[in-house]
Student: 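Sharing a structure with you now.
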There are 2 protein chains.
Amino acid sequence: MATLGIKDIAALAKVSPATVSRVFSSPDLVSEKTLHKVKKVVDELGYRPNRMGANLRTRKSGNIVAIIPDITKPVNAGIIRAIEKGAQNAGYSILLGDTQGVEKMERHYADMVTHGQADGILLFGSRLPFKVNCDQPLRQQLPPLVNGNEGIDSDEIVKVAVDNVAAAKAAVNYLVSMGHRRIAAITGPKNIPSSNKRVRGYYEALEDAGIERDDRLLVVGRYDVKSGVDCAEKLLQINERPTAVFCFNDDMAIGAMQHFQQQGLKIPDDISVMGFDDINYAEYVSPSLSTVHQPLQEIGEACINLLLKQLRGEEVPAGSRYLPYTLMIRNSTGVVPKQK
Amino acid sequence: MATLGIKDIAALAKVSPATVSRVFSSPDLVSEKTLHKVKKVVDELGYRPNRMGANLRTRKSGNIVAIIPDITKPVNAGIIRAIEKGAQNAGYSILLGDTQGVEKMERHYADMVTHGQADGILLFGSRLPFKVNCDQPLRQQLPPLVNGNEGIDSDEIVKVAVDNVAAAKAAVNYLVSMGHRRIAAITGPKNIPSSNKRVRGYYEALEDAGIERDDRLLVVGRYDVKSGVDCAEKLLQINERPTAVFCFNDDMAIGAMQHFQQQGLKIPDDISVMGFDDINYAEYVSPSLSTVHQPLQEIGEACINLLLKQLRGEEVPAGSRYLPYTLMIRNSTGVVPKQK
DNA sequence: TTGTACGCGTTATCAA
DNA sequence: TTGATAACGCGTACAA
């Protein structure tokens with residue numbers, strides 16, 4: 001079928017191409033009569049307007065590219081889902097940019113904006129995939145962009161996340177309230193701002209409780225289950241073993257729990273484990289995992305709404321928007337074991 | 001910056017727009033000298049070709065839309081990831097279509113092809129989001145399309161999946177080999193072909209073992225953790241309680257395990273639980289979950305490759321491509337408990 | 001309310 | 001190897 005275009009319809013309906021266009025984009029401007037006339041022809045031939053023509057003309061692609069380090073992480077998947085819904089409601093589609101942490105791919109997807117394939121960027125990575133000119137204010141060099149989960153360390157960017165400092169502090173405060181004083185942390189990779197903020201919260205809580213830092217109790221993980229196992233192993237080698245471990249995400253907490261249990265420790269009787277994220281499965285591991293809940297849907301919605309605002313040309317001030325976290329206390333945490 | 005186009009570059013480099021175009025799309029046809037000359041201007045001005053113009057002209061969007069019921073399911077996320085990688089290598093981008101099972105959204109995303117926003121469809125839903133004309137062969141009415149995970153029940157479609165009948169049969173055979181004869185199944189929703197095939201495998205295995213069917217042992221779930229809990233509850237109400245439960249996905253298996261344990265049953269001493277999918281967390285629940293491994297990456301790769309073939313215009317015969325499953329035997333299954 | 005005419009940025013065709 | 005020119009399918013001033 002030789003693709004039929006707006007002017008074929010126009011000819012058959014005996015109107016001008018402009019009128020056919022109006023039937024689709026602003027039907028209010030067309031009289032009832034011609035509206036029906038055109039629609040009839042459209043239905044008969046099964047004509048569908050070609051968006052590329054329109055996009056070229058309007059200089060909008062109708063796409064938003066979501067740059068995500070790893071779509072298989074439940075946290076990211078949950079956020080993406082909300083984002084897509086919001087995008088669709090506004091007539092936008094989501095181009096998926098799972099970068100697997102590779103900078104080259106981040107660049108590739110970011111370039112879609114400069115190539116006109118996308119109108120804005122939702123960025124969940126931890127670096128800015130642009131060449132930035134330091135002489136100019138950053139904001140002016142960027143396309144419409146929102147950074148989720150505080151990946152980027154800059155004040156000139158629109159960001160959405162939970163308050164990672166406060167959330168981590170609350171988690172550790174809770175452990176302190178259960179009597180723990182040897183509290184370890186399994187962190188994310190070193191250069192990730194969100195992880196660094198959680199470290200800060202961890203330290204602040206310790207300080208508030210008058211607990212001295214012990215560097216051996218802070219071990220660096222990679223946010224996956226396996227590294228939770230590895231880090232747990234390291235922690236057990238310390239002479240004065242921790243009585244509680246705060247993991248910076250649930251995956252590592254699950255790995256840590258498994259290792260502790262394999263070593264014969266009872267959770268939470270011998271050691272408490274706390275996670276971060278509250279993924280679906282946190283409730284269903286044994287024992288069920290105490291963790292910090294992140295409102296994924298709300299985060300996603302906030303991200304897409306802030307981006308849509310920018311795409312509409314509204315001013316959106318830079319800086320972080322904080323959404324409320326919730327401490328989920330389940331069965332992997334308890335009071336500090338009695339001293340032997 | 002008033003967007004600069006190919007002819008601005010052409011003017012500044014003192015060549016024709018056509019030559020500039022060739023520099024990007026077929027540099028071989030351009031002499032070294034003019035190549036450098038053009039590239040220099042391009043670099044100086046930071047010109048990036050606008051894909052929409054090209055797309056309009058070539059009548060290709062360079063996009064593939066992936067229609068997925070639920071991106072937050074680890075199985076889907078794993079497949080998507082592989083798909084995107086393959087797409088990117090071939091110069092395509094993935095438009096994400098998380099439909100949340102809503103037919104209207106499936107249609108919306110399917111329409112992107114007719115609107116020229118996408119060139120092909122990867123479909124993981126369980127129905128065809130098109131109006132089909134029964135008078136004509138189905139295949140001719142469809143755009144380039146691959147159906148993953150045997151969602152659709154038609155021979156005229158290109159499909160990729162594990163052999164669900166054989167996989168389910170193997171799982172049940174294994175349970176039989178451990179001495180179980182009261183083997184329950186927690187299935188997926190009734191109208192999903194992949195679930196129905198697993199039911200068939202379940203029945204075939206029972207038959208081969210000379211075990212009579214007991215309809216009370218087949219309960220219908222919804223593929224989420226909660227429904228695993230619900231179904232497990234139902235199974236415990238049966239007088240002659242099953243000694244093994246084969247769940248059609250890991251989420252339901254995790255829910256079922258939790259319920260059994262809360263009821264004081266030991267797994268696998270009192271009851272064996274088997275899952276399907278082998279999601280990341282299967283290994284880390286307690287006890288670790290025996291399950292049927294699906295090769296997500298391979299499935300994703302096969303899907304995208306078969307679609308790319310179609311997009312290149314090659315003939316791709318309809319029908320299912322089966323990829324190998326693997327029985328993962330962990331600690332949630334064991335020998336049948338002794339009769340009291 | 002409708003039609004005319006042009007342009008969005010690129011590629012394809014042909015001729016030079 | 002390069003250039004001139006005509007599409008691709010649509011939106012939108014502007015005029016009618």
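Chain naming here is simple, since letters A, B, ... match the order of the sequence lines and numbering starts at 1 in each.
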Student: Once hydrogens and angles are ignored, does a donor-acceptor distance under 3.5 Å link the base of C:dT11 to the side chain of B:R57?
Tutor: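 Indeed, a donor on one side and an acceptor on the other fall under 3.5 Å apart.
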Student: Can a donor-acceptor pair be found, under 3.5 Å and without considering hydrogens, that links the side chain of B:E150 to the backbone of B:P193?
Tutor: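 Side chain of B:E150 to backbone of B:P193: no pair is present.
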Student: Once you round it to whole Å, what is the distance between P of C:dT2 and CG of A:L29?
Tutor: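 Distance check: A:L29 CG to C:dT2 P gives 10 Å.
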Student: In whole Å, I'd like the distance from the CD atom of A:E32 to the P atom of C:dT2.
Tutor: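 Nearest whole value for this atom pair: 11 Å.
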Student: Specify the separation, in whole Å, of atom CG of A:D28 and atom C1' of C:dT2.
Tutor: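 That distance rounds to 15 Å.
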Student: Contact class for A:P17 (heavy atom, under 4.0 Å): base, sugar-phosphate, or nothing?
Tutor: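 Contact class for A:P17: none.
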Student: How many Å lie between CD1 on A:I6 and P on C:dG7, as a whole number?
Tutor: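 My rounded result for the distance is 18 Å.
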Student: CD of A:Q117 versus C1' of C:dC8: gap in Å, rounded?
Tutor: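 That distance rounds to 16 Å.
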Student: With a 3.5 Å cut-off and no angle check, do the side chains of A:E301 and A:Q297 form a donor-acceptor pair?
Tutor: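 Indeed, the side chains of A:E301 and A:Q297 share at least one donor-acceptor pair under 3.5 Å.
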Student: Does one side chain, of A:S26 or A:D28, offer a donor that lies under 3.5 Å from an acceptor on the other?
Tutor: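 No.
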Student: Please report the distance, rounded to the nearest Å, between CG in A:N55 and P in D:dG11.
Tutor: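 My rounded result for the distance is 9 Å.
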Student: Base, sugar-phosphate, or nothing for A:V15, non-hydrogen atoms under 4.0 angstrom?
Tutor: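 Answer is sugar-phosphate: A:V15 comes under 4.0 Å of backbone atoms only.
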Student: Any idea which of D:dG11, C:dG3, D:dG3 is nearest the A:S16 side chain?
Tutor: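 Of all the options, the side chain of A:S16 is nearest to C:dG3.
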Student: With B:V146 as reference, evaluate B:L308, B:V160, B:I304 under the side chain to side chain contact (heavy atoms under 4.5 Å, CB included) test and give the passing residue.
Tutor: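 The option that passes is B:V160.
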Student: For the side chain of B:T58, counting heavy atoms from C-beta on, which of D:dG11, C:dT11, D:dA4 is nearest?
Tutor: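 Nearest to the side chain of B:T58 among the choices is C:dT11.
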Student: Go nucleotide by nucleotide along DNA chain C from the 5' end; which of B:A18 and B:M52 gets its closest nucleotide reached first?
Tutor: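 That would be B:M52.
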Student: A:T19 has a side chain; which of D:dC10, D:dT2, C:dT2 sits nearest to it?
Tutor: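 Nearest to the side chain of A:T19 among the choices is C:dT2.
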Student: Any idea which of D:dT1, C:dT10, D:dG11 is nearest the B:T34 side chain?
Tutor: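 Comparing D:dT1, C:dT10, D:dG11 against the side chain of B:T34, the answer is D:dT1.
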Student: With a non-hydrogen cut-off below 4.0 angstrom, is A:F24 in contact with a base, only sugar-phosphate, or nothing?
Tutor: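 No contact at all - A:F24 keeps every heavy atom at 4.0 Å or more from the nucleic acid.
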Student: Could you tell me whether B:R81 and A:D70 make a salt bridge, using a distance below 4.0 angstrom between a side-chain N and a carboxylate O?
Tutor: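 Yes, charged N to carboxylate O under 4.0 Å.
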Student: Expressed as a whole number of angstroms, how long is the span from A:K60:NZ to D:dG11:P?
Tutor: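 In whole Å, D:dG11 P lies 14 Å from A:K60 NZ.
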Student: I want to verify a distance call: between C:dG3, C:dT1, D:dG11, whose nearest atom is closest to the A:S25 side chain?
Tutor: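 That would be D:dG11.
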Student: Under the criterion side chain to side chain contact (heavy atoms under 4.5 Å, CB included), which of B:L123, B:L306, B:L142, B:N147 is the partner of B:V158?
Tutor: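 Only match with B:V158 under side chain to side chain contact (heavy atoms under 4.5 Å, CB included): B:L306.
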Student: Mapping B:L56 and B:R22 to their closest nucleotides on DNA chain D, which lands nearer the 5' end?
Tutor: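 Whichever sits nearer the 5' end wins; that is B:R22.
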Student: Check every strand shown and say whether A:A54 touches a base, only sugar-phosphate, or nothing at a heavy-atom separation below 4.0 Å.
Tutor: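 Sugar-phosphate: the residue A:A54, judged by heavy atoms under 4.0 Å, touches backbone atoms but no base.
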Student: Which is true for A:R51 with a 4.0 Å heavy-atom rule: it touches a base, it touches only sugar-phosphate, or it touches nothing?
Tutor: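 The residue A:R51 makes no contact with any strand.
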Student: For the pair made of NZ in A:K7 and P in C:dG7, what is the distance, rounded to whole Å?
Tutor: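 After rounding, the gap between these two atoms is 17 Å.
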